Amino acid sequence: MEHVDILKMCFSNILYFKRKELNLSQGKMAEKCCISLRQYADIESGKRFPSISLINFIINGEVDINKFISDIQKLGYVPKDRVKRDEK
């Protein structure tokens, strides 16, 4: 199995089980991820992978993913779906 296939498989499993845990449809999860339903379905099924560069950056750069997320949130990043929810 090639490295990209491993990433696709792992990522698709994570998305699927997280979506089920949250009790969301693919459409609602796509909205939450700020992507189209088609993009989400392709990623969850393993047909696509969102960004191999980001994964390589995190692994090869030995980036602490929790710190990375915390830092961008502290700087004011808010996912599009949260902005929409907060405006309502």
Side-chain angles (χ1 to χ4, degrees):
M1 186 176 277
E2 293 191 36
H3 294 295
V4 160
D5 294 328
I6 292 168
L7 289 173
K8 285 179 181 178
M9 182 182 67
C10 289
F11 200 73
S12 88
N13 285 338
I14 288 167
L15 282 181
Y16 173 79
F17 289 112
K18 188 60 173 180
R19 180 174 67 81
K20 290 298 183 178
E21 177 186 316
L22 296 171
N23 197 29
L24 297 173
S25 66
Q26 283 188 332
K28 289 292 182 187
M29 189 66 157
E31 188 178 314
K32 187 172 187 58
C33 295
C34 307
I35 60 176
S36 73
L37 171 58
R38 173 56 133 202
Q39 287 174 304
Y40 181 84
D42 285 350
I43 293 168
E44 187 180 286
S45 70
K47 291 179 186 172
R48 296 176 81 181
F49 189 75
S51 175
I52 196 163
S53 298
L54 180 59
I55 299 299
N56 288 338
F57 170 74
I58 290 166
I59 293 170
N60 294 336
E62 299 179 22
V63 173
D64 177 335
I65 190 69
N66 292 321
K67 183 176 178 342
F68 176 72
I69 291 169
S70 175
D71 288 349
I72 62 175
Q73 288 175 326
K74 284 177 188 172
L75 291 171
Y77 175 79
V78 178
K80 290 180 191 174
D81 80 309
R82 192 169 302 154
V83 171
K84 283 191 262 179
R85 253 194 331 246
D86 290 345
E87 290 174 354
K88 292 180 180 178

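Residue numbers run from 1 in the order of the sequence given. All figures in this text were calculated on a predicted structure; none of them were measured in a lab.
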A.B. asks: For Q26, give me all partners under side chain to side chain contact (heavy atoms under 4.5 Å, CB included), at least two apart in sequence or on another chain.
C.D. replies: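 With sequence neighbours excluded, Q26 shows a side chain to side chain contact (heavy atoms under 4.5 Å, CB included) to R19, L37, Y40, A41, E44, given in chain and number order.
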A.B. asks: Can you list everything that forms a side chain to side chain contact (heavy atoms under 4.5 Å, CB included) with D64? Sequence neighbours excluded, please.
C.D. replies: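 D64: side chain to side chain contact (heavy atoms under 4.5 Å, CB included) contacts with N66, K67.
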A.B. asks: My understanding is that only residues two or more places apart in sequence, or in another chain, count here; which of them pass side chain to side chain contact (heavy atoms under 4.5 Å, CB included) with L22?
C.D. replies: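 K18, L24, M29, K32.
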A.B. asks: What is the distance from atom CD1 of I65 to atom OG of S70, rounded to the nearest 0.5 Å?
C.D. replies: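 Answer rounded to 0.5 Å: 11.5 Å.
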A.B. asks: Using links of under 4.5 Å between side-chain heavy atoms of ILVMFWY residues, direct or through other members, which residues join L75 in one cluster?
C.D. replies: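 Taking Ile, Leu, Val, Met, Phe, Trp and Tyr as members, L75 stands alone, with no cluster partners.
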A.B. asks: Show which residues join Y16 in its hydrophobic cluster (side-chain heavy-atom contacts under 4.5 Å, direct or indirect), or state none.
C.D. replies: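 Its cluster mates, by chain and number, are F17.
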A.B. asks: Restricting to side chain to side chain contact (heavy atoms under 4.5 Å, CB included), what partner residues turn up for S36, sequence neighbours left out?
C.D. replies: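 With neighbours one apart ignored, the set is R38, Q39.
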